[in-house]
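Predicted, not measured: the structure shown is a model, and the values here were computed from it.
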Amino acid sequence: MKIDLHKINSFYDTDLGQYARDVIMRSLLKIVSVQKLKKTTCVCSSGTSHYASPFRDNAKRLAFQSYEIQEQHSIESDGNHIVTDRLYWPYRAEDADFVVMLHDLEFAETPENYLREAWRVLKGEGQLIIVFPNRSGAWAKYDNTPFGHGYPYTLDQLNKLLSKAHFTVDMYEGLLFFPAYQPKTKIGKFYRYCLDKIGSVMLFQPGILIVKASKHIYAPSNGLKINAAEKAKQVLFPKPVISPKVTNFLK
């Protein structure tokens, strides 16, 4: 499964996209404060580029990655853009402080293996942050947004997936309780604002879920597709074709 970055860009150019971005950005900044980002190494999916400012302005090293021929799209001035394979990222083990997935996990064909690769590159105290469409929410049912594509998850499904990949969910939050369409009137916009404010209190199903997870430092080696020695060899002799800028990122 894949989605073109140009379609994501087109969505965020709309009023609905700007509204969704503002809501998600506020939640991201509560989870990853600017202070926490100081002098960190961050690996983000290319879909996170519309939320790049706190990472770009504070992280010591920053990479946005897309996969194979999925998104041949340059992200200028936001960090290094890397084209790689979902199951092999060109970073050393325990190299990253944060991994951020947005418009990403729902398109992974083997999400458990993909998450294990995130586990490998994260430091022991590193954090994984995932923003994804809620399978039970309204946004997954609208294909006019990027959240209406790919494979959505319920919180319980993602929790089980993270557990298999040796992550523990630290916190989660539901966002975007209003259906995925743009109100035309001031009353409609006010109603949307109110619904998004009280949605969690009223136990409505959110359209989007955001999860912060931490890695189990001691994870069993059984089930790893490639052992540590093979990973080390791949770091020394990487096979994927990546952007020349990645050499700057790895220094």
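Under the rule for a side-chain hydrogen bond (donor to acceptor under 3.5 Å, both in side chains), Asn144 has no partner lying at least two apart in sequence or in another chain. Listed by chain and number, the residues in a salt bridge (Lys or Arg N to Asp or Glu O under 4.0 Å) with Lys189 amount to none (sequence neighbours excluded). Looking at residues two or more places apart in sequence or on another chain, you find a ring pair (Phe, Tyr, Trp, His ring centres under 6.0 Å) between Tyr153 and Tyr151. Residues that satisfy the side chain to side chain contact (heavy atoms under 4.5 Å, CB included) test with Tyr193, not counting sequence neighbours, are Lys197. Listed by chain and residue number, nothing satisfies the side-chain hydrogen bond (donor to acceptor under 3.5 Å, both in side chains) test with Lys60 (two or more places apart in sequence, or in another chain). For Phe190, the side chain to side chain contact (heavy atoms under 4.5 Å, CB included) test picks out Cys194, with sequence neighbours left out. Looking at residues two or more places apart in sequence or on another chain, you find a side-chain hydrogen bond (donor to acceptor under 3.5 Å, both in side chains) between Asp97 and Lys123. For Lys160, the side-chain hydrogen bond (donor to acceptor under 3.5 Å, both in side chains) partners two or more places apart in sequence, or in a different chain, are Asp156.
Ring-centre distance between Phe147 and His103: below the 6.0 Å cut-off.
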Check: residues 22-34 side-chain donor-acceptor pairs under 3.5 Å, at least two apart:
residue: Ser27; atom: OG; partner: Glu173; partner atom: OE1; Å: 2.7
residue: Lys30; atom: NZ; partner: Glu173; partner atom: OE2; Å: 3.3
residue: Ser33; atom: OG; partner: Lys36; partner atom: N; Å: 3.3

Only pairs under 3.5 Å count here: list side-chain donor-acceptor contacts from residues 13-20, not counting sequence neighbours, and write none if there are none.
residue: Thr14; atom: OG1; partner: Phe11; partner atom: O; Å: 2.5
residue: Thr14; atom: OG1; partner: Gly17; partner atom: N; Å: 3.0
residue: Gln18; atom: NE2; partner: Tyr12; partner atom: O; Å: 2.8
residue: Tyr19; atom: OH; partner: Asp196; partner atom: OD2; Å: 2.3

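The aromatic rings of Trp89 and Tyr91 stand perpendicular to each other, their planes meeting at an angle above 60°, with 30° marking the opposite boundary.
Among residue pairs with one or both ends in residues 129-138, those qualifying as side-chain hydrogen bond (donor to acceptor under 3.5 Å, both in side chains) are Asn134-Gln205; sequence neighbours excluded.
Of the possible donor and acceptor atoms, none in the side chain of Trp119 sits under 3.5 Å from a partner among the backbone N and O of Asn113.
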